[in-house]
Amino acid sequence: MNRVGHLINGSMIKDGDRTQDVFNPSTGAVEKQVVMASKSTVEHAIAAASEAFPAWRNTPAIKRARVMFKFKDLLEQNAEKICQLIGEEHGKIAHDAAGELQRGIENVEYACCAPELLKGEHSKNVAPDIDSWSEFQPLGVVAGITPFNFPAMVPLWMYPMAIVCGNCFILKPSERDPSSTLYIASLLKQAGLPDGVMNVVNGDKEAVDTLLNDSRVQAISFVGSTPIAEYIYTTANANGKRCQALGGAKNHAIVMPDADMDNAVNQLLGAAFGSSGERCMALSVAVAVGDAAGDALISKMRVAMQGLKVGPYSDRDNDFGPVITQQHQQRIISHIDSAEQQGAEIVVDGRNPYVVGYEQGFYIGGTLIDRVTAEMDSYNAEIFGPVLQVMRVDSMQAAMELIDAHEYGNGTCIFTRDGEAARYFSDHIQVGMVGINIPLPVPVAYHSFGGWKRSLFGDLHAYGPDAVRFYTKRKTITQRWPSAGVREGALFSMPS
Ligand code: NAD
């Protein structure tokens, strides 16, 4: 069987005693095994990165950026292969995988601006003959730990920026769909990146804990579920490391009575069911303001969902594919069961989809649940499946209170024609990324991405301008070159 290994110091390494099955979720078959890195394998990667750091740190920013220009070309040239690998192991259909890759490539494009982003700040003559400037120096060896749901895009949020800032990187991707991530990283060598600057170790907690506890690792970027994000953040902090840990989500859309309902339904369809709802920015709750809006939403949604197509990633006509594992499929079903038991109304039931010829695949059909309340377990949990829950409230204020009371604060959206209401909403809502008639307000690569509350632990958001801050430390230098003959005596007061 095919083994997926590690990329360390420019070489692919497939040795290792411990492996885990990698499924094709579309068929349910095991097609590969991923080698789980031991502590010593991860230490080997850390040593390679540490060794590569002094030369890479001193490489001019423009030369580091040139690697990213070539890397972008290689990503585009190999897009079909990358999307195929994503489809095989994640299950997302080709046009969704292509969209993910494109958003990843945009982060590489931003990283191409390194010389501009790293210019620093300069002040001449802060006092007679004295100049002062701040520069951004790399941290050293930094690591990233990433989730299954965006095997191309989320790693690309991290390492292009870390690398152009002069750091060396170790990536620990999800063990559930590792191949596209590993393949993409391998293209960096062709792009001219020196060995050791970028390393990939596959594995689980053993690999992650080694990264968290090794004093040579200066910073950790994490994206995944909230319990693990919190563990990563507290452990990294206790070990004196810089850390940003992005967690889970429950994203609400407010549907106002004045909304263009047909448009809202179309937007909700894509944002709730696209990628089988396995997106941290998926809209999983629609909050209808007023019963008339609730009734219109449900009746239009019920009709629109009749056209939804779930099936294997390889069929481009499908709207979305399977979920990642059989356990996850069962977990989603149990959330739908619990909503039903706790009094919600299952309007469209996707618990038993029949996908002809793919009976062993991990499918869930689009599911619509009405009359969900804040007390229900299915509301409080992140379901991470193709399930849209509808709640009904009397006012926009009540909808906002609901959103603010939820533990997560990743993304949200309002559908309305009222500019004043939209402006009030975006100004006051306790959520990090807000859409106004935009269902998935994922910031473009030159803004930063991050949620509030328990959707992000740390101060700086992912990618964009925050990434320059996260992957560098600031040094401020103050220098005096006295004019000829000018000498100052000892000064005992604070210089001013
Ligand atoms: P996960 O938390 O299970 O895994 C994420 C990473 O952590 C993986 O690399 C995994 O190997 C590692 N990991 C898992 N358990 C660990 C443990 N006990 N100790 C150390 N490391 C461990 O997440 P997932 O299921 O792969 O991804 C889905 C989750 O990611 C969802 O909650 C989703 O909302 C979240 N997510 C968030 C964002 C965001 O930007 N906020 C983006 C994408 C996904």
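Whatever order the structure lists them in is the order used to number ligands and atoms, beginning at 1.
Few gaps surround CD on Q342; more than 12 heavy atoms of other groups in view lie less than 6.0 Å from it. In this structure, E51 places its CD atom where only 12 or fewer heavy-atom neighbours from other residues, nucleotides or ligands lie under 6.0 Å away. Shown here is N266, whose CG atom has more than 12 heavy atoms of other residues, nucleotides or ligands within 6.0 Å.
Counting heavy atoms only, G224 comes closest to atom 35 (C) of ligand 1 of the residues C280, G248, G224, S455. For the residues Y231, F222, F384, the heavy atom positioned nearest atom 33 (C) of ligand 1 is part of F384.
For atom 41 (N) of ligand 1, the closest non-hydrogen atom of the protein is G247 O, 2.8 Å. The nearest heavy-atom contact from the protein to atom 18 (N) of ligand 1 is I228 CD1, 3.6 Å. Nearest protein heavy-atom contact of atom 21 (N) of ligand 1 is V208 CG2, 3.5 Å. Scanning all protein heavy atoms for the shortest distance to atom 26 (O) of ligand 1 gives F148 N, 3.1 Å. Closest to atom 8 (C) of ligand 1, if we only count protein heavy atoms, is T146 O, 3.3 Å. Scanning the protein for heavy atoms near atom 1 (P) of ligand 1, the closest one is S225 OG, 3.7 Å. Shortest contact from atom 19 (N) of ligand 1 to any protein heavy atom: K205 CG, 3.5 Å. Looking at atom 40 (O) of ligand 1, its nearest protein heavy atom turns out to be F449 CE2, 3.0 Å.
Set against the non-hydrogen atoms of N410, the atoms of ligand 1 under 4.0 Å away are 41 (N). Ligand-side atoms of ligand 1 in range of I145: 6 (C), 7 (O), 9 (O), range being under 4.0 angstrom from any heavy atom. Of all the atoms in ligand 1, the ones that sit under 4.0 Å from a non-hydrogen atom of R176 are 3 (O), 24 (P), 25 (O), 26 (O). Atom numbering of ligand 1 starts at 1 in the shown order; those under 4.0 Å from a heavy atom of N149 are 43 (C), 44 (C). Residue-ligand proximity, E382 to ligand 1, at heavy-atom distances under 4.0 Å covers atoms 31 (C), 32 (O), 33 (C), 34 (O). Of all atoms in ligand 1, listed by their number and element, those nearer than 4.0 Å to a heavy atom of W157 are 40 (O). Residue E175 has at least one heavy-atom neighbour below 4.0 Å for each of these atoms of ligand 1: 10 (C), 11 (O). Counting atoms of ligand 1 from 1 in the listed order, those under 4.0 Å from a heavy atom of P173 are 9 (O).
With E88 as reference, K32 is the one residue of R176, K32, K81 to meet the salt bridge (charged side-chain N to carboxylate O under 4.0 Å, His left out) rule.
Using a 30° and 60° split on the angle between ring planes, Y463 and F449 fall in the tilted class, from 30° to 60°.
At a threshold of 4.0 Å, the pair K92-E278 does not count as salt-bridged, since none of the basic side-chain nitrogens sits closer than that to a carboxylate oxygen. Contact check on D370 versus R392 returns a salt bridge, with a Lys/Arg side-chain nitrogen under 4.0 Å from an Asp/Glu carboxylate oxygen.
A distance below 6.0 Å separates the ring centres of Y379 and H406.
Looking at K172 next to ligand 1, an N or O pair under 3.5 Å apart turns up. Looking at P147 next to ligand 1, no N or O pair under 3.5 Å apart turns up.
For E382, there are no side-chain hydrogen bond (donor to acceptor under 3.5 Å, both in side chains) partners, not counting sequence neighbours. By the ring pair (Phe, Tyr, Trp, His ring centres under 6.0 Å) test, F23 pairs with F362, sequence neighbours left out.
Within the 4.5 Å cutoff, the side chain of I163 has no heavy atoms near those of the V67 side chain.
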Run the side-chain hydrogen bond (donor to acceptor under 3.5 Å, both in side chains) test on Q326 and Q330 for me, step by step, so that the C-alpha distance in whole Å, both residues' side-chain angles and the decisive distance to 0.1 Å come before the verdict. CA-CA 6 Å; Q326 193 169 30; Q330 293 310 314; over 6 Å; no
